[in-house]
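Here's the structure, in structure tokens; my notes come after.
The sequence lines fix the lettering, A, B, ..., with proteins before strands; numbering per chain opens at 1. Note that the structure is a prediction, hence the values are computed from the model and not measured.
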Protein chains: 2
Amino acid sequence: MSPTHTGVTAAPAGLDPCGRADHPDCGIRDVLDRVGDKWSVLVIVELAAGPRRFRQLQRAIDGISQRMLTLTVRRLERDGLVVRTVYPTVPAQVDYRLTETGTSLTHLVKALADWSLAHSETIAEARRAYDDEHPGNEIR
Amino acid sequence: MSPTHTGVTAAPAGLDPCGRADHPDCGIRDVLDRVGDKWSVLVIVELAAGPRRFRQLQRAIDGISQRMLTLTVRRLERDGLVVRTVYPTVPAQVDYRLTETGTSLTHLVKALADWSLAHSETIAEARRAYDDEHPGNEIR
DNA sequence: CGGAATCCGAGTAGATACTG
DNA sequence: CAGTATCTACTCGGATTCCG
């Protein structure tokens, strides 16, 4: 992983609760729905390496169905995170690439990945401990 | 005859639990599934302000059902992001608070919130533009 | 190749009712 | 207060098929 760990502003002490009671959500949901999406992140990560065509993406992500890739990529396009370019060749050729906005998101994804890696063992251990203490408790 | 599908069950049958085989994304899913969860983030944000009891959480997050709050908080507990403490009072009193791990996640959530706020307008605009160019295209 | 449309099962969220 | 237990509704994702 690159040492340049940008994108994540060291959060100020005060964490103001967005998306609380009254106010709907400060727009966090929009992002979270996208980031939390199983495939979006993988697509973004893949595109972070450079422009890709539909098939390339599907092969790279492996496990994703055409349907899901289409939907995922459409949503990303709609959100302006990805640009879809169609070349009127035969057969048709389409490539996808991240926009500036999309690229900036990769930094967060990176940060998330870093955090994930740094704590995966701790989490796994916690799960084992929990499952051990709570046998028969299926919470997934 | 009707296309009685090949008796295919829901069995993954060869699908990696990580999502990808040749890429270090394995641990990310665990976190993403948690962060991407609609309620987990809100709970984490709320707990970032300090320990909360069940009811407090439910009132603060407002919109979440008991069931969902229970499930969410259980998962967070299982992952070692939250500690659940039961006080044998009458009536029972339980409080939840973030662990060190959970607190560290708070920073990422904050970063996500920042990003979200910084780009919400851009995204909203992109969506409007897309919806305008693609009328009748319901991808949501 | 890229994508839309359809079918369909599985998992998840919500409302409700009940318990310690 | 803090859950647990159901039952239902709905969305999501996968597989398949057809089109430009």
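- In the helix from dC1(C)-dG20(D) to dG20(C)-dC1(D), the terminal helix axes, each the rotation mapping four pairs' C1' atoms onto the next four within five end pairs, subtend 40°, rounded to 10°.
- For the pair Lys38(A) NZ and dG14(D) C1', the computed distance is 10 Å after rounding to whole Å.
- A continuous path of ILVMFWY side-chain contacts below 4.5 Å connects Ile61(A) to Val94(A), so both sit in one hydrophobic cluster.
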Mind listing the side-chain donor-acceptor pairs of residues 53-60 of chain A below 3.5 Å, one per line with the distance, residues two or more places apart or on another chain?
unit_1   : atom_1 : unit_2   : atom_2 : d
Arg55(A) : NH1    : Gln58(A) : OE1    : 2.9
Gln56(A) : OE1    : Arg53(A) : N      : 2.9

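- Near-neighbour residues of DNA chain C inside residues 48-58 of chain A, defined by a heavy atom below 4.0 Å, number-ordered: Arg53(A), Phe54(A), Arg55(A).
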For this session: May I have the step-by-step check of side-chain contact (heavy atoms from CB on, under 4.5 Å) for Ile44(A) and Leu76(A), ending in yes or no?
Result: CA-CA 9 Å; Ile44(A) 290 174; Leu76(A) 291 174; 4.2 Å; yes

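- Among the atoms of the strands shown, none is found under 4.0 Å from any heavy atom of Tyr87(B).
- An OP1 or OP2 oxygen of dG14(D) is reached within less than 4.0 angstrom by a side-chain nitrogen or oxygen of Trp39(A).
- In this structure, the nucleotide among dA13(C), dG3(D), dG14(D) sitting nearest to the side chain of Arg75(B) is dA13(C).
- Note on residues 79-94 of chain B: pairs passing salt bridge (Lys or Arg N to Asp or Glu O under 4.0 Å), not counting sequence neighbours, are Arg127(A)-Asp79(B), Arg34(B)-Asp79(B).
- Rounded to an integer number of Å, the gap from CD of Glu77(A) to P of dG2(C) is 15 Å.
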Could you go over nucleotides 6-10 of chain D and give all protein N or O partners under 3.5 Å, atom names and distances?
none

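- A 4.5 Å side-chain heavy-atom check between Val82(A) and Leu47(A) finds at least one atom pair inside the cut-off.
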What pairs of nitrogen or oxygen atoms, one from the protein and one from nucleotides 18-20 of chain C, lie under 3.5 Å apart?
none

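- As judged by a 4.0 angstrom heavy-atom cut-off over every strand, Asp37(B) is placed among residues touching the sugar-phosphate backbone only.
- Atom CG in Leu71(B) sits roughly 11 Å away from atom C1' in dG3(D) (whole-Å rounding).
- We find the OG1-CD distance between Thr85(B) and Gln93(B) to be 10.5 Å, quoted to the nearest 0.5 Å.
- Tyr96(B) has no side-chain polar atom (N or O) that falls below the 4.0 Å cut-off from OP1 or OP2 of dC1(D).
- Going from atom OG1 of Thr122(A) over to atom CD of Glu125(A) covers 6.5 Å, rounded to the nearest 0.5 Å.
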